[in-house]
Amino acid sequence: MTNYWLFKSEPGCFSFDDLAQRPGQTEQWDGVRNFQARNFLRDQVQVGDGVLFYHSNIPEPHIAGTAWVVRAGYPDWTACDPASEHFDPKSSADNPIWYMVDVRYGEAFRRPVTLAELKAHPLLAGMVLLQRSRLSIQTVTPEEWTIILGLGGL
DNA sequence: GCCAACGTTGGC
DNA sequence: GCCAACGTTGGC
């Protein structure tokens, strides 16, 4: 069964445009260093799942478009790379702590769906984003997915 | 830049 | 296992 997710990224680090410039190519969603988000990546995110790509920590936070999961959770090797800014000395190849998935560009929204719009929509009041805003990998219901794609003009 | 929310660490 | 201190996230 297809599930839906919201992945957050700071566009200064990795943006939806960065993904859009490589259509059809596989991108690693690495660097997640939060246990609850890690559990989703390791245990629940599956090939074929839909992803809303959210831009955080900018003047007008918004969802920019969609992506698709093309590989389920596997160890995030950047945790074992001392040169990586996501290096974690507690993680090892034998006993990985952190996980990542691979995604591929989906579709760009015709207009970005801002956080303000999400907050204003009565049917989106239950979104995880609006209740536990700091979680970087979040579940999205099929109803929320449909509404948000509509708001984005898809 | 501020600050609230909240996750993590570490002493006990 | 509790909880205070501390660090980070992210909206504003």
Side-chain angles (χ1 to χ4, degrees), chain A residues 3-21 27-45 49-69 72-103 105-141 143-154:
Chain A
N3 289 308
Y4 298 104
W5 306 93
L6 182 145
F7 287 10
K8 285 197 293 192
S9 184
E10 298 190 24
C13 180
F14 184 73
S15 73
F16 188 71
D17 281 345
D18 293 332
L19 187 68
Q21 278 162 19
E27 292 291 329
Q28 295 175 338
W29 200 273
D30 60 21
V32 172
R33 297 292 180 267
N34 166 281
F35 286 105
Q36 195 177 355
R38 184 283 309 267
N39 291 345
F40 283 136
L41 294 178
R42 186 188 59 187
D43 305 331
Q44 290 188 242
V45 178
D49 286 357
V51 174
L52 297 173
F53 196 122
Y54 180 81
H55 282 159
S56 68
N57 222 354
I58 51 174
E60 194 164 59
H62 61 273
I63 301 169
T66 64
W68 297 101
V69 176
Y74 62 103
D76 181 347
W77 55 267
T78 65
C80 299
D81 176 7
S84 168
E85 57 183 314
H86 302 300
F87 175 64
D88 182 352
K90 296 200 272 297
S91 193
S92 68
D94 285 347
N95 206 354
I97 297 175
W98 305 112
Y99 282 72
M100 59 184 172
V101 300
D102 290 350
V103 300
Y105 173 74
E107 276 187 280
F109 283 176
R110 288 203 264 171
R111 46 204 157 71
V113 178
T114 64
L115 178 60
E117 269 182 277
L118 298 172
K119 283 181 173 173
H121 194 111
L123 295 178
L124 298 177
M127 280 191 76
V128 177
L129 185 69
L130 305 183
Q131 316 224 323
R132 316 185 52 184
S133 65
R134 287 182 51 186
L135 189 58
S136 60
I137 305 288
Q138 312 181 351
T139 55
V140 170
T141 68
E143 293 77 18
E144 291 162 352
W145 173 269
T146 301
I147 292 168
I148 291 166
L149 261 61
L151 293 175
L154 296 185

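So you know, we letter chains A, B, ... as the sequences are listed, proteins then strands, and number each from 1.
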Review point. Reckon A:Tyr54 has a side-chain N or O less than 4.0 Å from the OP1 or OP2 of C:dT9?
Key: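 False: A:Tyr54 side-chain N/O out of range (4.0 Å or more) of C:dT9 OP1/OP2.
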
**Study point:** Side chains of A:Asp43 and A:Tyr99, donor plus acceptor under 3.5 Å
**Key:**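 The criterion, which ignores hydrogens and geometry beyond distance, is not satisfied for A:Tyr99 and A:Asp43.
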
Check your understanding: With no hydrogens and no angle check, do the side chains of A:Arg33 and A:Ser91 hold a donor and an acceptor under 3.5 Å apart?
Key ->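 There is no such pair between these side chains.
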
Point to revise | Carboxylate-amine/guanidinium contact A:Arg38 A:Asp76, below 4.0 Å | key: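 Here A:Arg38 does not pair with A:Asp76 in a salt bridge, since their nearest N and O are not under 4.0 Å apart.
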
Measure the distance from [atom1] on [X] to [atom2] on [N] and round it to the nearest whole Å.
| X | N | atom1 | atom2 | answer |
| --- | --- | --- | --- | --- |
| A:Lys8 | B:dC6 | NZ | P | 11 Å |
| A:Phe35 | B:dG7 | CZ | P | 12 Å |
| A:Gln138 | C:dT9 | CD | C1' | 12 Å |
| A:Phe7 | C:dT9 | CZ | P | 18 Å |
| A:Ile58 | C:dG11 | CD1 | P | 8 Å |
| A:Arg132 | C:dG10 | CZ | P | 13 Å |
| A:Ile97 | B:dG7 | CD1 | P | 18 Å |
| A:Glu10 | C:dC12 | CD | P | 15 Å |

Practice item. Return yes when atom CD of A:Glu85 has more than 12 non-hydrogen atoms of other residues, nucleotides or ligands closer than 6.0 Å, and no otherwise. Key: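 Counting other residues, nucleotides and ligands, CD of A:Glu85 stays at 12 neighbours or fewer.
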
**Study point:** Closest nucleotide among B:dG7, B:dT9, C:dG11 to the A:Lys90 side chain
**Key:**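 Within the option list, the nearest is B:dT9.
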
